Amino acid sequence: MNTDAPNEWALLRAERRVLGIQTKLHRWAGEDRSRRFDDVFNLVADPDFLLVAWERVRSNTGARTAGVDGLTARQIEAAGGVLAMLDDLRGRLRSRTFRPLPVRERMIPKSEGKLRRLGIPTVIDRIVQASLKLVLEPIFEQGFRPCSYGFRPNRRAQDALAEIHHFGSRKYHWVLEGDIEACFDTIDHAALMDRVRRRIADKRVLALVKAFCKAGILTELGQQQETRTGTPQGGILSPLLANIALSVLDDYFIQAWQQTMSDHNARYRRRGKGLANWRLTRYADDWVVMVAGTRTDAETLREEIATVLAPMGLRLSETKTRVVHLREGLDFLGYHIQWRFKRGTNNRHVYTYPSKKALTSVKHRIRALTCQKAHPDLATLLLGVNSLLRGWCHYFKHGSSSGAFGYLNHYTWWRVARWIRKRHAGLSWRELRRKVFTDGYRIVADGIELFNPATVATVHDRWRGYHIPTPWSQPTSSPTA
DNA sequence: ATATCTGTAAC
RNA sequence: GUUGUUACAGAUAU
């Protein structure tokens, strides 16, 4: 069927070569921190880079979703014209006739009634963006700071939480928690391009990045709109661009930290003089500043941050940006972080629990899955509930979640038991337990047993701090570049 | 040991 | 119908 599908070892070879070149880019960007890369367009348009980019787009879940041209990656693959399409794309990139099409707008519901605007690029545009990312990410990763955790390779939300736990367990008891208003939508193009230009001198690459920012949007009603600010939520490059823009914050805080608070003695002297110490932890547009000082010290930082963000076109959300003490606690990345007394002692400890919002939301989803008409049979129901519970627990096991897990076990058991009983009309609970449940309580169907969240062991992972490697840190075996 | 596919979480 | 990045988990196949 696929007359010209890329074969496996051509792909493997391409992936190895791309990784080798990425490692070099990463190394060069590190050796000369002010180096501006002048000749990277040829990499973006390189057949191997485009092939790896295509592979990425093809295997994403969005391979079934089309942009404004109505083409899906699946259709292109089925038509068997992949290599020809990549070749044509390469030609259009090199002759500079390539133009990104507008993104297709899709509104999806967020939590509690709000809407989120997605901008879905065409498959071709996704490939070019993916190729751009292959080139730009190793370069910009070199300048990104350890305090930034979102959208970055090898970094998990749990790393950010471990950092907060680490400093919260020391003198950093006041927290400025913040939210940037419609971050993706409001990033200023000129300011963003200025930051991209610090590392990239290649005019063709800069033009491509800018073109994707300016590609415009085709609304659900079919109207064309230009995009004067922001980067489309759905673009492969968008998370990287957001980090490039938001790294102004990281840079600002690192500077202050390195100049005046970098060593233990300096921080101690500052505290002696009544001065505060503070640190930023950021996950995409969500961030906190841990402050060893007073509430006023934290309040002061709020204005500083607003000033740093303003040139990027970014504004703080008035309601969601606030100062709290660890005594009151705060929500961050789905967790609730708060001081509690350790059992039987007088010692305060920083604990991280699943937030109320996270627990409510998973309960709602279990309720929806266990409503009467949701599933044809018990086995399918268990499959759905199990995968939900398993995924949820694996995210929240990095905290003090055993209480929540126990509660969830109880809640789900009853929901599923109720579902079963409705299907066996007339049976009493006692008969049900005897006839349907294994050992009187275990719920099993076709060898699938209801997952018990209470069996998930919680782990406490240490703050990995400054020692998280990038995928390009170690040299790879003999790249042929 | 490779590779498919599904799912969860964060944003 | 729902895109994207990152992390994690499970199932299947050889």
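By convention in this document, chain letters (A, B, ...) are assigned in the order of the sequence lines, proteins followed by strands, and residues within each chain are numbered from 1. Predicted model only: the values in this text are computed from it and were never measured.
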Distance in angstrom units between [X] [atom1] and [N] [atom2], rounded:
| X | N | atom1 | atom2 | answer |
| --- | --- | --- | --- | --- |
| W392(A) | dA10(B) | CH2 | C1' | 14 Å |
| I108(A) | G4(C) | CD1 | C1' | 10 Å |
| N243(A) | dA10(B) | CG | C1' | 13 Å |
| R390(A) | dA9(B) | CZ | P | 14 Å |
| E137(A) | G4(C) | CD | P | 16 Å |
| L115(A) | U3(C) | CG | C1' | 15 Å |
| K110(A) | dC11(B) | NZ | P | 10 Å |
| D331(A) | dA10(B) | CG | P | 11 Å |

Nearest-neighbour nucleotide for the [X] side chain, [options] considered:
| X | options | value |
| --- | --- | --- |
| H394(A) | A7(C), C8(C), U6(C) | C8(C) |
| Y283(A) | U5(C), dA10(B), dT4(B) | dA10(B) |
| P239(A) | dC11(B), G4(C), U3(C) | G4(C) |
| E55(A) | dC5(B), dT4(B), U2(C) | dT4(B) |

Just checking [X]: base, sugar-phosphate only, or nothing, at a heavy-atom cut-off of under 4.0 Å?
| X | value |
| --- | --- |
| F151(A) | base |
| P109(A) | base |
| T65(A) | sugar-phosphate |
| N154(A) | sugar-phosphate |
| S59(A) | nothing |
| R126(A) | sugar-phosphate |
| R117(A) | nothing |
| L388(A) | sugar-phosphate |
| D159(A) | nothing |
| G62(A) | sugar-phosphate |
| L333(A) | sugar-phosphate |
| R282(A) | nothing |

Taking only side-chain nitrogens and oxygens of [X], does any of them come within less than 4.0 Å of OP1 or OP2 of [N]?
| X | N | answer |
| --- | --- | --- |
| T61(A) | G4(C) | yes |
| R365(A) | dA9(B) | yes |
| N60(A) | U5(C) | yes |
| R56(A) | U5(C) | yes |
| S238(A) | U5(C) | no |

In this structure, which one of V40(A), V196(A), V135(A) forms a side chain to side chain contact (heavy atoms under 4.5 Å, CB included) with V205(A)?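 Answer to the side chain to side chain contact (heavy atoms under 4.5 Å, CB included) test with V205(A) among V40(A), V196(A), V135(A): V40(A).
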Using the rule side chain to side chain contact (heavy atoms under 4.5 Å, CB included), only one of V103(A), D69(A), L237(A) pairs with P121(A); which is it?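 Exactly one option meets the side chain to side chain contact (heavy atoms under 4.5 Å, CB included) with P121(A), and it is V103(A).
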Taking Y335(A) as the fixed residue, which of F396(A), Y351(A), Y283(A) is the one that meets the ring pair (Phe, Tyr, Trp, His ring centres under 6.0 Å) rule?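 Only one option passes, and that is F396(A).
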Upstream residue (5' side of DNA chain B) when A284(A) and R64(A) are each assigned their closest nucleotide: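 By nearest-heavy-atom nucleotide position, the 5'-most residue is R64(A).
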For dA9(B), what is the paired nucleotide under Watson-Crick or G-U wobble rules, both distances under 3.5 Å?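 By the stated definition (distances under 3.5 Å), U6(C) pairs with dA9(B).
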In Watson-Crick or G-U wobble terms, both distances under 3.5 Å, what is the partner of dT2(B)?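 Paired with A13(C).
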Residue mapping more 5' on RNA chain C - nearest nucleotide basis, G391(A) or I236(A):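 Result of the comparison: I236(A).
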Name the residue closer to the 5' end of RNA chain C, choosing between L237(A) and A157(A) according to the nucleotide with the nearest heavy atom.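 The residue mapped nearer the 5' terminus is L237(A).
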With P as the reference atom in both, quote the distance from dT6(B) to G1(C) in angstrom, rounded to an integer.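 Here dT6(B) and G1(C) have their P atoms 12 Å from each other.
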Run D46(A) and R17(A) through salt bridge (charged side-chain N to carboxylate O under 4.0 Å, His left out) and show every step you take. CA-CA 11 Å; D46(A) 180 279; R17(A) 179 161 165 266; 3.1 Å; yes
Determine, step by step, whether D251(A) and R195(A) satisfy the salt bridge (charged side-chain N to carboxylate O under 4.0 Å, His left out) criterion, reporting the C-alpha distance in whole Å, the side-chain angles of both residues, the deciding distance to 0.1 Å, and the verdict. CA-CA 12 Å; D251(A) 291 351; R195(A) 281 187 85 73; 2.8 Å; yes
E318(A)/R302(A) salt bridge by N-O under 4.0 Å criterion: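 Answer for the salt bridge query: yes.
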Sidechain N-carboxylate O distance under 4.0 Å for D250(A), R282(A):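 Here D250(A) pairs with R282(A) in a salt bridge, since their nearest N and O are under 4.0 Å apart.
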Check whether W472(A) forms a cation-pi arrangement with R27(A) (NZ or CZ under 6.0 Å from the six-membered ring centre, at most 45° off the ring normal).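 Because its charged atom misses either the 6.0 Å distance or the 45° angle limit, R27(A) does not stack over W472(A).
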